[in-house]
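Report on one structure; see the data block that follows.
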Amino acid sequence: MPLDDAFPYTKPSTITRVIAIAVDGSKSSDFAFEWVLRNIGITHPSMKTVHADEFVLINYHSSSAVFPTGAASADDVVFPEALLYSRREHLRWQEQQQREASVALLKGYAERLKKARGSDVAVRAVVLSGDDARDEIVNAAKAIAADMLVCGTRGLGTVQKLFLGSVSDHLVHHLECPVIVVRNNE
């Protein structure tokens with residue numbers, strides 16, 4: 001399945017590394033993004049080799065939208081077909097709202113990246129949706145042939161990880177490329 005690019009994208013011809021960064025706007029995600037800016041793709045002036053890095057920003061949003069429910073009163077006339085249409089339309093609208101929020105978030109990160117690295121930096125932004133963030137991010141990283149993936153961590157406790165699962169833990173165990181999990185100790 002092709003990836004959903006947040007804005008027009010053409011793959012540069014001189015890329016040597018693809019660096020994927022999973023972002024969601026949280027403090028831990030921002031911390032990981034800032035870590036990338038400080039540590040990845042920096043070339044010292046005395047170095048002869050220059051990496052042509054492509055940064056791929058990835059944002060996931062859940063595809064399971066919620067439809068507000070409420071009991072109809074005895075005075076309401078309910079037509080099942082209208083209700084089904086209404087729910088489908090609401091779910092489409094909600095999915096569109098989530099995608100627009102993802103695009104806005106990714107554009108903000110792309111602007112920060114271009115400000116830090118220069119306007120000619122290769123940036124791609126991918127919007128993901130589906131039932132499981134972990135699998136969607138793994139599939140996207142494989143599809144873009146990521147050389148590394150950087151993500152933050154929410155710092156869940158052992159019990160929370162057991163019930164909720166850890167996205168970063170799943171990425172570490174299911175991706176073939178190096179996964180850098182940046183922990184914010186603040």
Side-chain angles (χ1 to χ4, degrees), residues 1-11 18-37 54-71 80-115 121-146 148-156 160-161 163-172 174-175 179-184:
M1 180 167 91
L3 296 174
D4 181 9
D5 286 300
F7 42 82
Y9 165 79
T10 304
K11 185 162 183 75
V18 176
I19 300 164
I21 311 166
V23 295
D24 63 8
S26 67
K27 285 183 182 179
S28 61
S29 172
D30 281 345
F31 191 81
F33 180 80
E34 291 296 328
W35 185 90
V36 168
L37 293 181
E54 175 185 24
F55 294 90
V56 181
L57 303 168
I58 299 173
N59 177 256
Y60 168 85
H61 67 83
S62 174
S63 66
S64 56
V66 179
F67 184 77
T69 59
E81 297 83 14
L83 188 58
L84 284 174
Y85 177 77
S86 209
R87 284 186 181 200
R88 274 194 297 264
E89 286 302 305
H90 177 77
L91 294 176
R92 271 192 219 116
W93 173 82
Q94 198 168 23
E95 174 70 21
Q96 183 61 32
Q97 295 299 308
Q98 290 174 334
R99 185 183 186 289
E100 288 174 12
S102 287
V103 168
L105 180 81
L106 289 167
K107 281 184 178 180
Y109 279 107
E111 288 170 8
R112 288 169 58 189
L113 188 55
K114 287 181 181 232
K115 185 176 180 183
V121 67
V123 180
R124 181 178 186 183
V126 177
V127 176
L128 303 177
S129 66
D131 294 328
D132 189 348
R134 300 170 302 179
D135 291 335
E136 295 297 330
I137 296 170
V138 166
N139 292 337
K142 288 179 179 179
I144 62 171
M148 76 175 67
L149 183 132
V150 180
C151 64
T153 179
R154 290 184 290 168
L156 297 177
Q160 289 174 313
K161 281 184 189 175
F163 289 108
L164 299 175
S166 167
V167 172
S168 57
D169 186 61
H170 186 85
L171 298 176
V172 166
H174 290 85
L175 280 172
V179 177
I180 301 172
V181 181
V182 182
R183 184 179 183 108
N184 183 353

Test log, rule side-chain contact (heavy atoms from CB on, under 4.5 Å), inputs Asp132 and His170 = CA-CA 11 Å; Asp132 189 348; His170 186 85; 5.7 Å; no

Yes or no on side chain to side chain donor-acceptor pair (under 3.5 Å) for Asn59 and Ser102, after CA distance, side-chain angles and deciding distance?
-> CA-CA 6 Å; Asn59 177 256; Ser102 287; 2.5 Å; yes

Could you please spell out the steps behind the side chain to side chain donor-acceptor pair (under 3.5 Å) verdict for Glu100 and Gln96?
-> CA-CA 6 Å; Glu100 288 174 12; Gln96 183 61 32; 3.1 Å; yes

Could you go through the side-chain contact (heavy atoms from CB on, under 4.5 Å) check for Phe55 and Val18 one step at a time?
-> CA-CA 6 Å; Phe55 294 90; Val18 176; over 6 Å; no

When you look at His174 and Arg134, which way does the side-chain contact (heavy atoms from CB on, under 4.5 Å) test go after all the steps?
-> CA-CA 9 Å; His174 290 85; Arg134 300 170 302 179; over 6 Å; no

Stepwise, does the side-chain contact (heavy atoms from CB on, under 4.5 Å) test hold for Phe33 with Val182?
-> CA-CA 9 Å; Phe33 180 80; Val182 182; over 6 Å; no

Between His61 and Asp24, does a side chain to side chain donor-acceptor pair (under 3.5 Å) hold up when you go through it step by step?
-> CA-CA 9 Å; His61 67 83; Asp24 63 8; over 6 Å; no

Check the pair Asp30, Tyr109 against side chain to side chain donor-acceptor pair (under 3.5 Å), reporting the backbone distance first and the verdict last.
-> CA-CA 9 Å; Asp30 281 345; Tyr109 279 107; 2.4 Å; yes

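Environment of NZ in Lys114: crowded, with over 12 heavy atoms of neighbouring residues, nucleotides or ligands closer than 6.0 Å.
Looking only at distances, no side-chain donor or acceptor of Tyr60 sits under 3.5 Å from a matching main-chain atom of Val23. Between the side chain of Asp5 and the backbone N or O of Val126 there is no donor-acceptor pair closer than 3.5 Å.
In this structure, the separation between CG on Asp131 and OG on Ser62 is 7.0 Å, given to the nearest 0.5 Å. With rounding to the nearest 0.5 angstrom, the CD1 atom of Ile19 is 8.5 Å from the CD1 atom of Ile180. In this structure, CD1 on Ile58 lies 9.0 Å from CZ on Arg124, to the nearest 0.5 angstrom. Taken to the nearest 0.5 Å, the CG atom of Leu106 stands 9.5 Å off from the CZ atom of Arg99. Between Ser129 atom OG and Glu95 atom CD the span is 4.5 Å, to the nearest 0.5 Å. The distance from atom CD1 of Ile137 to atom SG of Cys151, rounded to the nearest 0.5 Å, is 7.5 Å.
The two atoms that bring Leu57 and Ala110 nearest to each other are CD1-N, 3.5 Å, heavy atoms only.
Annotation: side chain of Val103 is in contact with side chain of Val127 (closest heavy-atom distance under 4.5 Å). Contact check for Leu128 versus Leu3: side-chain heavy atoms found under the 4.5 Å cut-off. With a 4.5 Å cut-off on side-chain heavy atoms, Glu34 and Leu37 count as touching.
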